Enquirer: 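Take this structure, written in structure tokens, and hold onto it; I'll ask about it next.
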2 protein chains.
Amino acid sequence: MPHTYEYLRPMLAVACVVFGLDDGELKVLLIRRDVEPLRGRWALPGGFVRMDESLDDAARRELREETNLRDVFLEQLYTFGAVRRDPRDRVVSVAYFALVNLAEHPVAAATDAREAAWFPAADTPALAFDHAEILDAALQRLKGKVRYQPIGFELLPEKFTLSQLQRLYETILERPLDKRNFRKKILLMGVLQELDEIQQDVAHRAARLYKFDEGRYERLKKKGFNFEV
Amino acid sequence: MPHTYEYLRPMLAVACVVFGLDDGELKVLLIRRDVEPLRGRWALPGGFVRMDESLDDAARRELREETNLRDVFLEQLYTFGAVRRDPRDRVVSVAYFALVNLAEHPVAAATDAREAAWFPAADTPALAFDHAEILDAALQRLKGKVRYQPIGFELLPEKFTLSQLQRLYETILERPLDKRNFRKKILLMGVLQELDEIQQDVAHRAARLYKFDEGRYERLKKKGFNFEV
DNA sequence: CCAAAAGTGTTTCACTTACACCCATGA
DNA sequence: TCATGGGTGTAAGTGAAACACTTTTGG
């Protein structure tokens with residue numbers, strides 16, 4: 001009977017795994033806890049869900065408050081609810097993963113004096129609670145998903161070169177891709193818009209810039225097209 | 001307020017979308033609500049999470065209590081947390097989807113006098129709360145997942161014919177498959193064990209029976225094999 | 001002997017893979 | 001002129017898709 005348990009509710013939190021790409025390395029954004037328990041430990045940004053906001057809203061709010069990020073790609077990942085994952089009390093955390101263009105957020109400006117920093121996703125300091133497990137789940141999800149859904153673009157600047165895009169996939173998939181095959185395939189898919197611009201300030205031949213054509217992708221998807229790298 | 005902590009806590013529930021396969025039709029198990037609100041409405045089995053059980057445990061317990069099902073394939077689906085999805089109070093529901101062999105559960109024996117019944121997944125009565133949305137998400141997930149992971153077998157009896165398996169995929173994917181190609185592909189994968197038994201009591205040539213070879217699948221998976229129908 | 005489903009091979013086509021060289025640019 | 005990455009085409013191989021008839025069995 002619901003009434004029986006009305007006085008015993010788990011706490012409900014969100015946790016965000018924010019990925020960024022830094023020169024061919026996948027990074028994750030962590031904050032240093034400034035409250036007990038585990039004060040000083042690095043942890044995923046997140047916090048408790050308020051009664052008047054949806055889970056997505058809570059995730060976006062926490063991201064804004066703790067890392068000053070907004071308008072990022074955000075997707076629910078999994079909900080972690082083991083009984084003793086938090087020493088204080090029963091806490092259930094809805095995990096999200098986010099993708100940001102790291103170039104525009106080199107070090108997250110910690111608003112309220114909380115320390116925030118990017119770490120290699122594969123090599124973080126010890127994390128609070130079960131956050132290592134959450135990070136791991138996010139990595140797996142990213143790896144599994146990036147091939148079938150054009151979410152990788154969220155990690156790049158709006159305008160990018162084909163080599164940047166290829167490096168992105170090589171980084172996430174952890175294997176090298178053939179340059180000619182990659183370019184052929186991605187261009188034939190028809191979801192990139194070739195721009196009349198080229199890279200600036202490089203010490204070699206400047207590459208052509210492209211951007212992801214959201215509209216074209218949506219139209220293709222409706223016709224049963226499958227994005228797949 | 002019952003809690004001494006600084007945050008008000010939403011209620012936390014689980015909801016289970018239980019799929020079964022009945023003669024080429026995908027069905028879902030619903031129970032009729034016997035308490036307010038929405039008493040008499042059909043809904044997904046589920047209930048509130050207790051303080052001393054994990055989310056998975058809660059889902060299994062509710063399934064057992066409300067539908068008498070146990071030992072079924074169960075996987076977390078998504079967490080639904082819109083602010084007003086329940087008229088009583090703020091309730092966040094962690095949704096699960098389950099697959100059962102319907103032949104062994106023709107009508108779920110409702111233990112505590114609660115009415116339970118199988119409905120066509122694509123054509124249910126009006127559901128309580130946002131359960132139609134949850135069902136929809138589960139259908140999409142099933143459809144997307146069944147091709148890349150051998151979960152469909154959970155819907156069949158332990159021993160099955162290749163035609164049954166093919167019908168299963170045709171049902172879930174909502175498109176016809178070529179018989180010869182299907183058999184070739186699935187047999188070459190090497191995850192089926194051919195039995196020395198044939199179908200009984202059919203008014204035509206009896207088909208050979210197979211069963212899914214879990215061990216073989218696990219071994220292949222370790223070697224980087226990809227199940228894909 | 002008829003109805004109903006089981007079972008079986010081959011060809012075609014598309015896509016993936018492997019692979020190496022010249023080009024443009026700035027230092 | 002050199003170092004650096006940008007940019008390009010073709011051939012071989014692999015896997016997917018299309019396709020029709022014979023076999024077995026019970027009624």
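We use all heavy atoms of the structure for the numbers below, so side chains are in, but hydrogens, waters and symmetry mates are not. In the text below, chain A, chain B and the rest are named by the order of the sequence lines, each starting its count at 1. From a predicted model like this one, the values you see are computed outputs, not experimental measurements.
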Enquirer: For DNA chain C, which residues in residues 222-229 of chain A have a heavy atom at a distance below 4.0 Å?
Expert: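 Contacting residues: none.
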Enquirer: Listed in order of residue number, which residues of residues 157-165 of chain B have a non-hydrogen atom at under 4.0 Å from DNA chain C?
Expert: B/S163
Enquirer: For B/K185, which residues count as a salt bridge (charged side-chain N to carboxylate O under 4.0 Å, His left out) partner, sequence neighbours excluded?
Expert: none
Enquirer: Which pairs, with at least one residue in residues 205-224 of chain A and sequence neighbours excluded, count as a salt bridge (Lys or Arg N to Asp or Glu O under 4.0 Å)?
Expert: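 Listed once each, the pairs are A/E158-A/K211, A/E194-A/R208, A/D213-A/R216, A/E218-A/K221.
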Enquirer: What side-chain donor-acceptor pairs closer than 3.5 Å can you find for residues 173-180 of chain B, not counting sequence neighbours?
Expert:
{"residue": "B/E174", "atom": "OE1", "partner": "B/K143", "partner atom": "NZ", "Å": "2.5"}
{"residue": "B/D178", "atom": "OD2", "partner": "B/R180", "partner atom": "N", "Å": "3.2"}
{"residue": "B/D178", "atom": "OD2", "partner": "B/N181", "partner atom": "N", "Å": "2.9"}
{"residue": "B/D178", "atom": "OD2", "partner": "B/N181", "partner atom": "ND2", "Å": "3.3"}

Enquirer: Report the residues that fulfil ring pair (Phe, Tyr, Trp, His ring centres under 6.0 Å) with A/F153, sequence neighbours left out, ordered by chain and then residue number.
Expert: A/F160, A/F212
Enquirer: For each nucleotide in nucleotides 19-27 of chain C, reading 5' to 3', give B when a protein heavy atom comes within less than 4.0 Å of its base, S when such contact involves only the sugar-phosphate, and - otherwise.
Expert: BB--BBBS-
Enquirer: Need one value for B/R208: base, sugar-phosphate or nothing, where a base atom within 4.0 Å counts as base even if backbone is also close, heavy atoms only.
Expert: sugar-phosphate
Enquirer: Identify, with sequence neighbours excluded, every residue that meets side chain to side chain contact (heavy atoms under 4.5 Å, CB included) alongside B/Q199.
Expert: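 Result, side chain to side chain contact (heavy atoms under 4.5 Å, CB included) vs B/Q199: B/T161, B/V202, B/H204, B/A206, B/A207.
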Enquirer: Under the rule for salt bridge (charged side-chain N to carboxylate O under 4.0 Å, His left out), what residues qualify as partners of B/E197, not counting sequence neighbours?
Expert: B/K159
Enquirer: What pairs with B/Q200 under side chain to side chain contact (heavy atoms under 4.5 Å, CB included), at least two apart in sequence or on another chain?
Expert: B/I198
Enquirer: Any pair with a residue in residues 129-140 of chain B that passes side-chain hydrogen bond (donor to acceptor under 3.5 Å, both in side chains), sequence neighbours left out, goes on the list, sorted by first then second residue, please.
Expert: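 Sorted result for residues 129-140 of chain B: B/R85-B/D130.
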Enquirer: Rounded off to whole Å, could you give me the CZ-to-C1' distance for the A/F182 and D/dG5 pair?
Expert: 16 Å
Enquirer: If you fit an axis to the five pairs at each end of the helix from C/dC1-D/dG27 to C/dA27-D/dT1, how big is the angle between those two axes, to 10 degrees?
Expert: 0°
